[in-house]
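This report concerns only the one structure given below.
Keep in mind the model is a prediction, meaning the values are calculated, not measured.
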Amino acid sequence: MNIEHTYLERSILYSLEPKNVQTPYVESLTSYVVKLANKHSVYVSTLITEYIAPLLGKEFLLNSVKKGGNRFYDGARTLNGISQSAVSFLEIIERLTLVPDLKHLTLTQVKKIIPDRGLLNKTLSWCPRCLKEQLEENKHDSLTLPLIWSLNPVKVCSIHKINLECKCSTCHNLIPILHRRSVNGFCPYCRSFLGYNKINKGISLKNLWIAIAIEEYIKVIQTLTISSFSQEQLTRNLNKIIELYTEGNVEAFSKFVSIPKTTIWEWRKGKVLPPLGQIANLCYQLNIPITSIYFDKDLCVSNRVQFSNNESRRKVQRKQSFQYDKAKEYLENYLNTIPEEYISMSKLAIKIGFNKRVLYQHFPELCREVASKYKRSIEERKTQRQQSLIKKIDDIVLEASQEGKYPGKKDIERILGIQGVFREQKIKEHYQYLKERFLEG
């Protein structure tokens with residue numbers, strides 16, 4: 001018998017190997033945690049409460065998860081990103097499983113060159129066809145949710161050429177990144193399989209280009225060492241692009257790529273890190289790989305904007321003052337996709353770099369449709385928020401009723417971490433309905 005082998009260190013949790021490492025579809029850390037819970041035949045809430053939360057060393061968080069609070073789950077989307085909480089959580093999972101290099105399941109290795117602003121989705125996104133294929137191929141294995149699906153700039157599946165879904169097709173709920181009863185590929189509310197997709201609208205070529213470019217980026221960063229992630233290299237490449245495309249003219253470059261001049265200046269001086277979404281949009285317009293702008297030490301670009309000796313820069317800028325086709329494309333792309341959150345016409349105009357009044361003059365019907373969708377989204381968000389609160393209250397009441405207790409309003413507000421919940425008439429009426437049922441039963 002090999003005595004040395006007998007006394008090898010044992011892991012507390014199963015040493016599951018993460019799926020699709022070194023590929024664009026490496027699974028996310030939250031997906032891995034859900035699979036761990038499934039492998040141990042426990043709910044995610046049990047795994048978090050009994051094993052992970054105690055090691056995080058945060059008393060308020062431990063108390064919250066033990067009492068059924070949502071503080072941990074509400075912030076779980078950051079676990080796939082670059083935050084310190086992602087780093088801490090990652091270290092704990094590695095310690096519990098003894099699986100090394102789980103950092104590739106997050107974006108923690110690129111925190112020096114990417115800010116967290118606009119980086120991650122607030123709720124789950126997925127490709128239903130990918131999930132269906134996984135289920136058919138791996139009937140006895142847990143499904144995997146790729147890291148790339150958690151990134152806000154990624155709106156489509158490049159494999160199936162369809163938009164990513166963000167709502168359950170059965171109960172129409174947005175799904176949190178991590179839920180107490182999460183099971184990869186299934187809705188935690190109605191238990192429906194998420195691989196049944198509704199009729200999917202056509203995808204934007206721009207969104208497809210960005211998805212493919214970010215896939216390549218995800219693949220490349222898994223092969224690089226920490227020294228490869230340099231803000232100085234990114235700043236040098238941005239400056240080189242501005243020099244090559246518009247001879248260093250920041251104002252001309254700003255108009256050419258539809259990004260505010262002050263933003264370009266801050267990037268150029270290295271004062272602010274460009275969000276991944278804006279870099280992706282920039283690379284799309286210039287047809288440059290995202291990996292090149294971040295990592296190439298000898299960046300080569302083409303399709304430069306040329307200024308002739310007899311043509312003033314001011315004249316070129318006037319010619320580009322309103323780009324009709326570009327503005328129309330932006331508006332149509334916005335209306336033909338399902339964004340994470342609809343925005344007002346004023347905010348959209350600022351985002352795409354055009355004057356709102358001018359847009360209304362040229363495209364009145366498109367602009368009115370944008371405004372109408374924003375108004376409807378406000379009402380839908382209100383309804384969804386109320387439905388989400390009602391479901392959380394149901395869970396709290398159910399858990400308490402199993403112990404023969406009925407929680408008061410203040411108890412529920414404390415667990416939810418939200419004050420004044422019962423000021424809303426709909427929430428108040430539902431609470432009264434539950435109370436009457438409890439007293440009857």
Side-chain angles (χ1 to χ4, degrees), residues 6-21 26-112 114 116 119-124 142-147 150 175-184 188 221-222 226 392 395-396 399 414-417:
T6 303
Y7 290 98
L8 284 176
E9 187 177 3
R10 299 292 192 256
S11 64
I12 296 173
L13 300 177
Y14 291 132
S15 296
L16 290 183
E17 288 298 321
K19 290 291 185 69
N20 304 324
V21 177
V26 58
E27 73 174 309
S28 66
L29 182 60
T30 49
S31 168
Y32 183 79
V33 168
V34 172
K35 284 169 61 177
L36 271 177
N38 184 67
K39 193 71 174 177
H40 288 84
S41 300
V42 298
Y43 288 126
V44 170
S45 58
T46 303
L47 187 69
I48 298 296
T49 304
E50 300 297 328
Y51 293 96
I52 298 174
L55 296 178
L56 285 171
K58 297 179 180 179
E59 192 67 27
F60 71 92
L61 198 57
L62 183 59
N63 291 335
S64 175
V65 295
K66 282 187 175 180
K67 294 178 181 178
N70 292 301
R71 179 175 289 185
F72 174 81
Y73 299 96
D74 289 343
R77 71 188 185 94
T78 63
L79 300 180
N80 295 323
I82 62 173
S83 66
Q84 185 55 46
S85 61
V87 175
S88 301
F89 194 84
L90 188 64
E91 291 173 350
I92 288 170
I93 298 299
E94 288 182 343
R95 193 193 317 172
L96 291 171
T97 61
L98 297 183
V99 178
D101 288 332
L102 290 179
K103 63 179 180 291
H104 298 310
L105 279 57
T106 71
L107 293 175
T108 51
Q109 66 267 40
V110 296
K111 60 184 179 181
K112 290 183 178 181
I114 292 180
D116 57 7
L119 179 61
L120 299 169
N121 289 324
K122 294 179 180 178
T123 56
L124 208 63
S142 298
L143 302 183
T144 296
L145 305 183
L147 173 63
S150 67
I175 299 176
I177 299 296
L178 203 60
H179 187 274
R180 287 183 180 82
R181 298 193 174 187
S182 287
V183 176
N184 288 340
I221 63 176
Q222 295 176 69
I226 194 67
K392 290 176 182 178
D395 290 341
I396 293 169
E399 189 173 338
R414 176 177 52 77
I415 292 172
L416 291 173

Is there a donor-acceptor pair closer than 3.5 Å between any side-chain N or O of Thr106 and the backbone N or O of Lys103? yes

Between CD1 of Ile93 and CG of Leu102, what distance do you get to the nearest 0.5 Å? 8.0 Å

How far does CG of Leu124 sit from CD1 of Ile175, to the nearest 0.5 angstrom? 6.0 Å

Keeping His40 on the side-chain end and Tyr14 on the backbone end, is there a donor-acceptor pair under 3.5 Å? yes

Please confirm whether the backbone N or O of His104 pairs with a side-chain atom of Gln222, one donor and one acceptor, at under 3.5 Å? no

Between Leu120 and Asp116, does the side-chain contact (heavy atoms from CB on, under 4.5 Å) criterion hold? Intermediate values first, please. CA-CA 7 Å; Leu120 299 169; Asp116 57 7; over 6 Å; no

Looking at OG1 of Thr97 and CD of Glu17, how far apart are the two atoms once the value is rounded to the nearest 0.5 Å? 9.0 Å

With Thr30 via side-chain hydrogen bond (donor to acceptor under 3.5 Å, both in side chains) - residues at least two apart: Ser28, Asn80

Value for CD (Gln84) from CG (Leu90), rounded to nearest 0.5 Å, stands at 10.5 Å

Could you measure the distance from the CD1 atom of Ile82 to the OG1 atom of Thr108? Nearest 0.5 Å is fine. 9.5 Å

Please walk me through it: do Ile114 and Leu107 pass side-chain contact (heavy atoms from CB on, under 4.5 Å)? CA-CA 9 Å; Ile114 292 180; Leu107 293 175; 5.7 Å; no

Compare every heavy atom of Tyr43 with every heavy atom of Arg180, then report the nearest pair and how far apart it is. O-CB, 3.6 Å

Do you know the tightest heavy-atom contact between Ile226 and Gln109? CD1-O, 3.7 Å

Could you give the distance from CZ (Arg95) to CG (Leu13), rounded to the nearest 0.5 Å? 11.5 Å

For Asp101 and Glu94, the nearest pair of non-hydrogen atoms, with its separation, is N-OE2, 3.3 Å

Would you name the heavy atoms of Glu27 and Leu105 that are closest together and state the gap between them? O-CG, 3.2 Å

Polar side-chain atom of Ser182 near backbone of Leu178 as donor-acceptor pair, under 3.5 Å: no

Among Leu47, Asn184, Thr144, side-chain contact (heavy atoms from CB on, under 4.5 Å) partner for Val34: Asn184

Closest heavy-atom contact between Ala86 and Gly81? CB-O, 4.0 Å

Between Ile177 and Arg77 the two heavy atoms that sit nearest each other are CG1-CB, 3.5 Å

Output, in order, the C-alpha distance, side-chain angles, deciding distance and verdict of side-chain contact (heavy atoms from CB on, under 4.5 Å) for Glu50 and Val42. CA-CA 11 Å; Glu50 300 297 328; Val42 298; over 6 Å; no

